[in-house]
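Here's the structure we're looking at; comments come further down.
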Amino acid sequence: MKPTLLTAAAIVLTGGIAGCASLSDAELARQAADIMRASFKERGQAKLDRLNQDAPQAVCSLDDPAKKPPVADLERMEKAQQALIKYPADGRLLGDWREGEKIAQSGVGKQFSDNPANPSGGNCYACHQMSPQEISFGTIGPPLLHYGKLRGNSEAIQRYTYGKIYNPQAFTACSNMPRFGHNGILTEQQIKHLTALLLDPSSPVNR
Ligand code: HEC
């Protein structure tokens with residue numbers, strides 16, 4: 001039989017897989033991390049330490065579902081993250097929703113081309129529907145339109161909302177949402193403004 005292009009490709013493929021099978025999972029993971037590290041260059045404030053994962057991130061990044069921790073462990077991880085949330089010393093969790101809307105709209109910050117002296121935005125619309133006036137939004141996160149109308153404005157909801165923006169992994173162990181307070185992306189005051197955007201009855205989110 002004359003080898004066709006397809007059989008040639010199959011030989012290359014199976015050869016490749018057989019080659020990989022001789023490496024341990026740990027070795028493959030190490031090589032993948034090296035390739036990742038080598039493909040990024042430090043520029044300005046964008047340093048390579050951004051590739052370092054803390055313990056919960058490393059657990060959540062395991063590619064083998066069989067190695068994922070049981071629910072009880074994930075709940076323990078969330079409790080540990082909750083203990084890291086720094087709530088405002090003055091006890092006030094609500095700022096000005098008008099400022100919150102500007103922060104939610106802004107995707108500026110933390111890139112090598114941004115001036116680190118300027119405040120970052122939250123880029124919330126990249127993942128969430130919020131105020132109905134903004135019709136361009138992503139859907140990685142759930143819609144937050146009418147968030148306060150649906151949940152009320154109790155002390156417990158204020159604390160949950162502030163804490164969720166501060167460190168989403170405190171409530172969803174393997175969240176894809178950025179840890180805005182925990183990682184110093186947004187300030188305490190900015191998170192207060194965003195909490196008001198979501199909870200203030202006069203904010204467009206709730207009208
Ligand atoms: C990269 C996508 C992404 C960005 C950007 C993002 N979020 Fe989220 N958000 C999520 C996801 C996904 C969830 C669902 C729960 C989880 O996985 O943490 C979520 C959940 C939430 C919740 C909880 C909703 C509920 O019903 O309890 C709040 C509040 C929230 N986000 C607010 C914000 C705010 C405010 C911003 C901007 C500062 C923001 N998010 C930016 C992805 C994102």
Side-chain angles (χ1 to χ4, degrees), residues 46 50 53-54 56-57 59-62 65 68-69 71 73-82 84-88 92-111 114 118-207:
R50 291 185 183 180
Q53 297 181 324
D54 67 5
Q57 286 173 323
V59 167
C60 294
S61 302
L62 293 173
K68 289 258 188 256
V71 172
D73 283 6
L74 293 176
E75 283 171 1
R76 258 195 296 280
M77 277 160 58
E78 289 168 2
K79 289 267 162 359
Q81 293 295 311
Q82 278 169 31
L84 299 177
I85 298 173
K86 290 196 188 77
Y87 285 96
R92 296 165 62 95
L93 300 176
L94 299 179
D96 177 349
W97 67 259
R98 290 169 197 80
E99 293 302 319
E101 174 67 21
K102 287 185 218 155
I103 298 162
Q105 289 276 358
S106 168
V108 164
K110 297 290 174 197
Q111 302 199 28
D114 291 319
N118 294 338
S120 300
N123 210 14
C124 314
Y125 284 100
C127 295
H128 294 287
Q129 179 185 25
M130 295 174 100
S131 303
Q133 286 79 4
E134 178 53 78
I135 54 167
S136 169
F137 52 83
T139 53
I140 294 175
L144 300 176
L145 182 64
H146 297 158
Y147 179 89
K149 215 177 186 172
L150 295 168
R151 304 211 170 196
N153 198 357
S154 67
E155 168 91 25
I157 289 295
Q158 289 186 23
R159 276 182 78 79
Y160 163 69
T161 307
Y162 184 96
K164 180 74 190 175
I165 302 169
Y166 188 98
N167 186 0
Q169 294 190 6
F171 304 94
T172 312
C174 294
S175 177
N176 287 328
M177 177 167 150
R179 298 153 98 187
F180 291 101
H182 185 83
N183 285 339
I185 301 166
L186 298 177
T187 63
E188 176 180 295
Q189 192 56 53
Q190 286 179 306
I191 299 176
K192 286 183 181 190
H193 292 326
L194 287 162
T195 307
L197 175 67
L198 290 174
L199 293 177
D200 192 322
S202 51
S203 143
V205 167
N206 298 313
R207 272 190 276 118

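Start at 1 and go down the list; that is how both ligands and their atoms are numbered.
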> Between Tyr147 and ligand 1, does any nitrogen or oxygen pair lie at a separation below 3.5 Å?
Replying inline: no
>> Any nitrogen or oxygen of Arg151 lying under 3.5 Å from a nitrogen or oxygen in ligand 1? Just yes or no.
In response: yes
>> Hydrogens and angles aside, do Gln82 and Glu78 bring a side-chain donor and acceptor to less than 3.5 Å of each other?
In response: no
Under 4.0 Å to a heavy atom of [X] - the qualifying atoms of ligand 1, by number:
X	value
Asn123	5 (C)
Asn176	1 (C)
Gly122	37 (C), 38 (C)
Leu194	38 (C)
Leu198	29 (C)
Ile140	12 (C)

> Which protein heavy atom lies closest to atom 17 (O) of ligand 1, and at what distance to 0.1 Å?
Replying inline: Ser175 OG, 3.5 Å
> For atom 27 (O) of ligand 1, what's the nearest protein heavy atom and its distance?
Replying inline: Tyr160 OH, 2.5 Å
> What's the shortest heavy-atom distance between Lys164 and Met177, and which atoms?
Replying inline: O-CE, 3.8 Å
> Which atoms form the tightest heavy-atom contact between Leu93 and Thr195, and what is the distance?
Replying inline: O-CB, 3.5 Å
> Under a 4.0 Å N-O cut-off, is there an ion pair linking Arg98 with Asp200?
Replying inline: no
>> With a sphere of 6.0 Å drawn around CZ of Arg207, does it hold more than 12 non-hydrogen atoms of other residues, nucleotides or ligands?
In response: yes
>> Are there over 12 heavy-atom neighbours, none belonging to Lys68, within less than 6.0 Å of that residue's NZ?
In response: yes
> Under the 3.5 angstrom rule, does the side chain of His128 hit a backbone N or O of Pro142 as a donor-acceptor pair?
Replying inline: yes
> Is a side-chain N or O of Gln158 found less than 3.5 angstrom from the main chain of Asn153, in a donor-acceptor match?
Replying inline: yes
> Hey, mind stepping through Tyr162 and Tyr87 against ring-ring contact (aromatic ring centres under 6.0 Å, His included) and telling me if it holds?
Replying inline: CA-CA 8 Å; Tyr162 184 96; Tyr87 285 96; 5.7 Å; yes
>> Please confirm whether Pro178 approaches ligand 1 to less than 4.0 Å, judged on its heavy atoms.
In response: yes
>> For Gln81 and Tyr166: C-alpha separation, side-chain torsions, deciding distance, then whether side-chain hydrogen bond (donor to acceptor under 3.5 Å, both in side chains) applies.
In response: CA-CA 10 Å; Gln81 293 295 311; Tyr166 188 98; over 6 Å; no
>> By the definition side chain to side chain contact (heavy atoms under 4.5 Å, CB included), identify the one residue from Ser131, Pro201, Ser202 that meets it with Trp97.
In response: Ser202
> Going by chain and residue number, what protein N/O/S atoms come nearer than 2.8 Å to atom 8 (Fe) of ligand 1?
Replying inline: His128 NE2, Met177 SD
